[in-house]
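Down below is the structure, laid out as structure tokens.
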Amino acid sequence: MFYNFFYNRRTDHTIVLTTHQQYTLGKEERLKSRKQIERLFKEGQSFNSGILKVFHQLKEGSENIPLQFGVGVGTRHFKKAVDRNRIKRLVREACRLQKNELQSLLAAQNKQLNLFFIYTGKELPDYELVSEKTAAALNKLMNIYK
RNA sequence: ACUGCAAACCGAGCUAUCGUCCCGGUAAAACGGGGAGGAAAGUCCGGACAGUACAGGGCAAUGCACCGGUGAAGAGCCGGGUGAUGAAGCAAUUCGUCAACAGAAAGUGCCACAGAAAAUAACCGCCCUGCCACAAGCGGGGUAAGGGUGAAAAUGUGAGGUAAGAGCUCACAGUUAAAAAUGGCAACAUUUUUUCCGGGUAAACCUUGCGUGCUGAAAUGCCACAUAUACCAUCUUUUGAGAACGGCCCGUUCCAGCCUGUUCUUUUAGAGCAGGGGGAUGGAGGGUAGGCAGAUGGAUUCUGCAGUGCAAAUUGCAGAACAGAUAAAUGAUAGCUGCAUCUUUAUGAUGUUACAGAAUCCGGCUUACAGGUUUGCAGAUUUU
RNA sequence: AAGCCUGUAGCCCAACGGAAGAGGCAAUAGUUUUAGAAACUAUUAAGUGUGUGUUCGAAUCACACCAGGCUUA
């Protein structure tokens, strides 16, 4: 009985995930070019979403990638590399799980967007808080580029 | 058994789903394998490696400083010596801890306050003596035995000696340097002889000895893209000036010594003048910032056995392990076991937490560290 | 990653190895004023980032840590 219960739960979970199948985060979906990042900070628009500051800019390019994003944490509030790595991983994970809606919207309009998140909070967050704030930021972006 | 300190070691494990970096695999997938530490940290030492056109020498700069061993090397490690210091002991001695541990007798500087005086010591005192009838007073000289100081006062004690004194002389003790003998590879120790006794400071300048060329993976090489053989200043272009040798000098080596016109000598060619062009250095800018190599497996680390050595370490054999990103992978969620805390003692609840994240690579050092294990030392109590 | 610099009252800063430390702003109290500001007078506030050493003596010299800042293209 006990094992059976868990087996069912597990299979349900996997089915839900496989239907979407888009929770990927490959090398191509990250913003890596130094040139593009500098242009984004210089010319792009930005807004604050609680503990996150978001830079965003449409770009022209031949590659067919609707969304590229990067994450940064300043050394002012987090002196230890461990903490900075932790925050970057949490934001990246939250974005990975929630970006699909925006991605498909952009793909439908044939637009390409650069994004950069900067963590501006002063304390080490937990995953739930980061997830919530990232979702809010992504919703705001959907309204802008509708 | 408990507490504290120190040292060494460990730094939870397994499973599932999603995701990620590298390698293999594939036409593309699927799939398989690997993916953070003892300090990855601080950047404090030492190397490897790369560039700089390394002949060689000197100066400057900079580092080190008892001896031997170890190792690629070191300001590391191991062993020893000397000195200081703590504990135990009647003592001999034993057991620890620490040391930038060459030179102050090459020279220069500094030594506040106090004190006569702080380094060529005469302020008081003591002694001799001149002026003077004597005293007092003034002057000349000798003298470091005595003088409330100070961190430090001119080796200490005793005797002789003297006008008074003085290592002036002697004895003992201490101390500097040298020689010899014995022990030791050596530092050094012990003994004997001669000699010195002229404060401290070299983590003040410095002297002596030894070592080091400088720069640093954003090094460097190649490919691609882009641009500007541009601009300004100085120097130079026929014999005495320039450049390189990554501070300077000697020295060595290298480059340039071109073109046009004109004048003179005149076969070529050479010299002078003018102009052009070239070169070097500096200034101020412009472009690119993509890819590949460097780049991860080598003085490698660990384990076992055997050998050498007091030890650090090392030799042989066997086995195992070793990430490779570049706005930068190593993450998220769930469950089980283990562990900790609380309440209850079938169990339940909460937490899984320390210091901390590779960035060219190695060897050390230093610092941080929840909890656990082991060893050593100290403490007080309990039991036998 | 590589390399360099700085820590002194609440703040800004000075001090040749020598009384344990100078100023300015601020603070507190007083004078002045009906009250306040300004001005004037007085007072308080450091033991020199931490530790160890060298020295008779350390803010100063040396070493090791801690904290903060800067440079590179």
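Letters A, B, ... mirror the listed sequences (proteins, then strands); counts begin at 1.
- Nearest to the side chain of A:Arg89, among B:A328, B:G331, B:A327, sits B:G331.
- For the C1' atom pair drawn from B:U353 and B:G42, the interatomic distance equals 26 Å after rounding to whole Å.
- Considering all non-hydrogen atoms of both residues, A:Arg30 and A:Gln68 come closest at O-NE2, 3.5 Å.
- When the P atom is used for both B:A166 and C:A58, the distance is 40 Å, rounded to whole Å.
- Here B:G165 is in the anti range [glycosidic angle more than 90° from 0].
- Between A:Phe47 and A:His56, the ring center distance clears the sub-6.0 Å criterion.
- Residues A:Glu29 and A:Lys99 are paired through a salt bridge, judged by an N-O separation under 4.0 Å between the basic side chain and the carboxylate.
- Taking the P atom of each, B:G89 and B:C355 are spaced 46 Å apart, rounded to whole Å.
- Here the separation of B:C44 from C:A1, taken at their P atoms, is 12 Å to the nearest Å.
- For the pair A:Leu90 CG and B:U330 P, the interatomic distance rounds to 11 Å; values are reported in whole Å.
- Rounded to whole Å, the P atom of B:A356 lies 23 Å from the corresponding atom of B:U360.
- Across all strands shown, the partner of B:C292 is B:G221, judged by Watson-Crick or G-U wobble contacts whose two distances both fall under 3.5 Å.
- In this structure, B:G167 shows a glycosidic angle within 90 degrees of zero, which is the syn conformation.
- Nucleotides B:G81 and B:G184 are separated by 15 Å at their P atoms, to the nearest Å.
- B:A144 sits 16 Å from B:G199 when the P atoms are compared, rounded to a whole Å.
- Nucleotide B:G167 forms a pair with no other nucleotide shown, judged by Watson-Crick or G-U wobble geometry with both contacts under 3.5 Å.
- Taking the C1' atoms as reference points, B:C77 lies 16 Å from B:U366, given to the whole Å.
- Of the nucleotides present, B:G13 is the one that pairs with B:C336 by Watson-Crick or G-U wobble criteria, both distances under 3.5 Å.
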Apply the test side-chain hydrogen bond (donor to acceptor under 3.5 Å, both in side chains) to residues A:Thr134 and A:Gln98: give CA-CA distance (whole Å), side-chain angles for both, the deciding distance (0.1 Å), then the verdict.
-> CA-CA 8 Å; A:Thr134 310; A:Gln98 298 174 32; 5.7 Å; no
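- Base orientation for B:G282: anti, the chi torsion being more than 90° from 0.
- Contact between the side-chain N/O atoms of A:Arg96 and the OP1/OP2 oxygens of B:G331 is not found at any separation under 4.0 Å.
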